[in-house]
Amino acid sequence: MPNLPSCITPPNRILMGPGPSDIAPRVLSAMAAPTVGHLDPYFLQIMDETQQMLRQVFRTENKLTMSVSGTGSSGMEACVVNLVEPGDRVVVCVNGVFGGRMADVASRCGAEVTTIERPFGEVFTPDEIADVCKRVSPKLLGIVHAETSTGARQPLDGLADIVHDAGALLLVDCVTSLGGCPIEIDKWGIDAAYSGTQKCLSCPPGLAPVTFSDRAVDVIDKRTHKVASWYLDITMVRNYWSDKSRAYHHTAPINMNYGLHEALRIVLEEGLEARHARHHRNHLALRAGLEAMGVEFAVAEDHRLPMLNAVLIPEGVDDKAVRGQLLNQFGIEIGGGLGPLAGKTWRIGLMGEASTPRNVLVFLAALEACLKAQGHQSSPGAGVAAANEAYAHA
Ligand code: PLP
């Protein structure tokens, strides 16, 4: 008998960090179904249904809507590498880690990148977007809807008109927002968007839903250079997703696509409005509980994300000790701050399956114990009581 490592027995966690979130058991079951070939008629049907459901969740009629093989970052790269050619002018709005990444990806594609910046936790105004569009005349403007590194929600309504008037395309990162708060691809005039499976869709990490408007497809069709990435070249990958050709490009991650298919079914069964309302309700209850315990939010009220609650670590409290105790004693994962917010904020996720009253209440009780161990006193049970009160009035 060879000396093998033990089989996979992960600890039971409540995933309340910046993602991955808790996975719906139905999604895990779907992923355990037998693998079929990537050109099997059964899998082709799953692909077609996934595209239809993605259109509903993205709220779009875009024909070119599909999942890219890879995590959310592959969606980011797929959008940028296909829309940008060397020498193109690109504007990226940077108010957190993921905007910074988009700028990096665009510069690796040979774009002339201009960034506009806001402090972490703040959002951009339409005037700032108009100014930079006027100054730079870009081909593409990229912006993050839900900045997971800061907890800020960027208002998008009205931005497309500004960007289109300047002759540019609007690219939006909705990795964390899709399935948790409204995202209206067609109504808001967004030309390209990408997401990830592991946040509010509650599917394991591994696929990136993407969608491209006709205007974006036209830009791709008129490229003069080959797409710099072979794997993410939409001009080839789309032939596999097209019901006309089904040309082999790469072996699709079959079981990941089963998982996404089931995750989308769950989202649509619940209904987008009901799902968004659930995320909002749990966010408000968490907020009431945290405030009753003297824990403040890091983002102005108008721009808070319901699925990613960034809060300031109270004075004198040890960041790592609290996160360690939450994980080891209570099995709860939350995230620390990223970039300049490291050691200053906690990021408490209420994404998809994890956005429940049970998690809010258990977390508040656990946090109270952890804060008490750090000498931070609040009146016993105040957090849970305030959250319960918020639920009673929701
Ligand atoms: N964009 C945002 C807003 C994110 O939150 C993340 C991941 O947390 C990404 C992009 C990158 O996604 P992934 O880590 O799945 O590659």
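We number each residue from 1, following the sequence as shown. Whatever order the structure lists them in is the order used to number ligands and atoms, beginning at 1.
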Trainee: Under a 4.0 angstrom heavy-atom cut-off, which atoms of ligand 1 come close to G72?
Mentor: 12 (O), 13 (P), 15 (O), 16 (O)
Trainee: For T71 and ligand 1, does the shortest N/O to N/O distance drop below 3.5 Å?
Mentor: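 In this structure, T71 places an N or O atom under 3.5 Å from an N or O of ligand 1.
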Trainee: For E270 and R275, run salt bridge (charged side-chain N to carboxylate O under 4.0 Å, His left out): C-alpha distance rounded to whole Å, both residues' side-chain angles, the deciding distance at 0.1 Å, then the answer.
Mentor: CA-CA 6 Å; E270 181 175 8; R275 194 171 177 91; 2.9 Å; yes
Trainee: Would you say the side-chain atoms of Q56 and Q52 include a donor-acceptor pair closer than 3.5 Å?
Mentor: no
Trainee: Of all the atoms in ligand 1, which lie at a distance below 4.0 Å from a heavy atom belonging to T176?
Mentor: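 So the atoms of ligand 1 that pass are 5 (O).
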Trainee: What residue and heavy atom of the protein are closest to atom 1 (N) of ligand 1, and at what distance?
Mentor: D173 OD2, 2.6 Å
Trainee: Between R246 and D40 (salt bridge meaning N to carboxylate O under 4.0 Å), is one present in this structure?
Mentor: no
Trainee: If you count the atoms of ligand 1 from 1 in the order shown, which ones are under 4.0 Å from a heavy atom of T148?
Mentor: 2 (C), 3 (C), 4 (C), 5 (O)
Trainee: Pick out which of I234, D214, V237, V210 makes a side chain to side chain contact (heavy atoms under 4.5 Å, CB included) with L64.
Mentor: I234
Trainee: Aromatic rings Y42 and Y258: how do their planes relate, parallel, tilted or perpendicular, breaks at 30° and 60°?
Mentor: perpendicular
Trainee: What residue and atom, counting heavy atoms only, is the protein's closest point to atom 15 (O) of ligand 1, and at what distance?
Mentor: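 Nearest neighbour among protein heavy atoms for atom 15 (O) of ligand 1, to 0.1 Å: Q198 NE2, 2.7 Å.
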Trainee: Can you report which non-hydrogen protein atom sits closest to atom 6 (C) of ligand 1, along with the distance?
Mentor: F98 CE2, 3.3 Å
Trainee: Output the list of atoms in ligand 1 that are nearer than 4.0 Å to some heavy atom of K199, sorted by atom number.
Mentor: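 With K199 as reference, the close atoms of ligand 1 come out as 5 (O), 7 (C), 8 (O).
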Trainee: Can you sort out which atoms of ligand 1 are near S73, meaning under 4.0 Å from one of its heavy atoms?
Mentor: 11 (C), 12 (O), 13 (P), 16 (O)
Trainee: Within the 4.5 Å heavy-atom criterion, are M351 and T176 side-chain neighbours or not?
Mentor: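 SC-SC contact between M351 and T176 confirmed.
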Trainee: For ligand 1, which atoms, with element, lie under 4.0 Å from some heavy atom of A146?
Mentor: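 Under 4.0 Å from A146, ligand 1 has these atoms: 3 (C).
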Trainee: Could you tell me whether P205 approaches ligand 1 through its side chain, its backbone, both or neither, with non-hydrogen atoms closer than 4.0 Å?
Mentor: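 Under 4.0 Å from ligand 1, P205 contributes no heavy atoms.
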Trainee: Just say parallel, tilted or perpendicular for the rings of Y231 and H249, cut-offs at 30° and 60°.
Mentor: tilted
Trainee: Check the angle between the aromatic planes of Y248 and H38 and answer parallel, tilted or perpendicular using the 30° and 60° thresholds.
Mentor: tilted
Trainee: Which is it for E147 and ligand 1 at heavy atoms under 4.0 Å: side chain, backbone, both or neither?
Mentor: neither
